[in-house]
Amino acid sequence: MEFIAELFNTFEIQSICKLLIGIFLAGIIGLERSSWSKPAGFRTHALVGLSAVLVMICGEYMAKRYDIDPSRFPAQLLSGIGFLGAGTILRDGFNVKGLTSASTLLAVTCIGLCIGAGYYLCAIIATAIVYVILSYFHLISDKVEHYNNIELDIVLNEHKKETIDIIKNTLIKKEIEIIEIDMFTYQDDKKIRIVGKDKKMCEHSLVPELIELDNVISVHQM
């Protein structure tokens, strides 16, 4: 038994165990991403986790052999992981996709660094937390009321109560909750500024409809 304990405590065996644990924990998160057909799946996350563990092992080895600061290696890794994360981010019109996958790559990097440093408990707990966030938090967010903040700057020929009432009714029909309405004059322009919450997220069709109204000169969405 002493021989086994001594063998397990060797730097080489511990390094192998760290690599296997890193692949396993990072792979769990990668499998979750693969189940959603995300660009960074099991292989990407497993390799990133493995790389992070390797960096810490390399830092520890260099510190023992050459008496250098081992923290320099993970610092450089965290700087470089941003380039890999940027590769998973895609822009589709006004939408941005891949931010979550980029975040999970950073998470598995940090998990790998914890494993490489020998802080296994923190790595396991972090993996569990990340997995729960990815797998189940969308169930909570789907139940939360979503809306877009909307701010309109409307220029009128003159401040008429009838026009303001029509604008209010138009917003109400589109399920926009009006928070604030300000009427003022700026450089001889008679203006209305409206702040509201667009629950249907359809403000893109609102501007053309408002600009068609009588007494309305222009509509600018802030």
(message) L19 vs I57, test: side chain to side chain contact (heavy atoms under 4.5 Å, CB included). Steps then yes/no.
(response) CA-CA 9 Å; L19 291 172; I57 292 174; 4.1 Å; yes
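- The nearest pair of heavy atoms linking A52 to T109 is CB-O, 3.2 Å.
- Shown here is N169, whose CG atom has more than 12 heavy atoms of other residues, nucleotides or ligands within 6.0 Å.
- Of the inter-residue distances, the one linking L156 atom CG with I217 atom CD1 reads 7.0 Å to the nearest 0.5 angstrom.
- Separating the CD1 atom in I111 from the CD1 atom in I125 is a distance of 11.5 Å, to the nearest 0.5 Å.
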Residues 21-34, side-chain donor-acceptor partners within the protein, below 3.5 Å, at least two apart:
| unit_1 | atom_1 | unit_2 | atom_2 | d |
| --- | --- | --- | --- | --- |
| E32 | OE2 | W36 | NE1 | 2.8 |
| S34 | OG | G30 | O | 3.0 |
| S34 | OG | F42 | N | 2.9 |

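- When all heavy atoms of E158 and K190 are compared, the pair lying nearest together is CA-CD, 3.3 Å.
- Taken to the nearest 0.5 Å, the CD atom of Q14 stands 11.0 Å off from the CD1 atom of I16.
- We find that E60 and K18 are joined by a salt bridge, their nearest charged nitrogen and carboxylate oxygen being less than 4.0 Å apart.
- Taking the six-membered ring where tryptophan is involved, the planes of Y131 and Y136 are perpendicular, since the angle between them exceeds 60° and thus also 30°.
- Under the 4.5 Å side-chain contact rule for hydrophobic residues, V195 and I172 do not share a cluster.
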(message) Under the criterion side chain to side chain contact (heavy atoms under 4.5 Å, CB included), I'd like the reasoning laid out for T185 against K191: C-alpha separation, chi angles, the key distance, then a yes or no.
(response) CA-CA 6 Å; T185 301; K191 290 188 173 186; over 6 Å; no
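- In this structure, Y120 places its OH atom where more than 12 heavy-atom neighbours from other residues, nucleotides or ligands lie under 6.0 Å away.
- A distance of 7.0 Å separates NZ of K168 from NZ of K161, quoted to the nearest 0.5 Å.
- Taking CG of D165 as the start and CD of E162 as the end, the distance is 7.0 Å to the nearest 0.5 Å.
- To the nearest 0.5 Å, the span separating CE on M56 from SG on C114 amounts to 8.5 Å.
- Both V219 and L213 sit in one connected hydrophobic cluster of ILVMFWY residues. Membership requires side-chain heavy atoms under 4.5 Å apart, directly or through other members.
- For the pairing with N215, the side-chain contact (heavy atoms from CB on, under 4.5 Å) check across N157, I154, I164 returns one residue only, N157.
- Under the 4.5 Å side-chain heavy-atom criterion for grouping Ile, Leu, Val, Met, Phe, Trp and Tyr, V48 is connected to L106 within one hydrophobic cluster.
- Taken together through direct or relayed side-chain contacts under 4.5 Å among Ile, Leu, Val, Met, Phe, Trp and Tyr, L210 and I178 form part of one hydrophobic cluster.
- Connection of V155 to I194 is not established within any shared hydrophobic cluster, with ILVMFWY side chains joined at heavy-atom distances below 4.5 Å, either directly or through further cluster members.
- Closest approach of I115 to A123, counting heavy atoms only: CG1-CB, 3.5 Å.
- Counting only heavy atoms from C-beta outward, the side chains of L152 and I167 never approach each other to under 4.5 Å.
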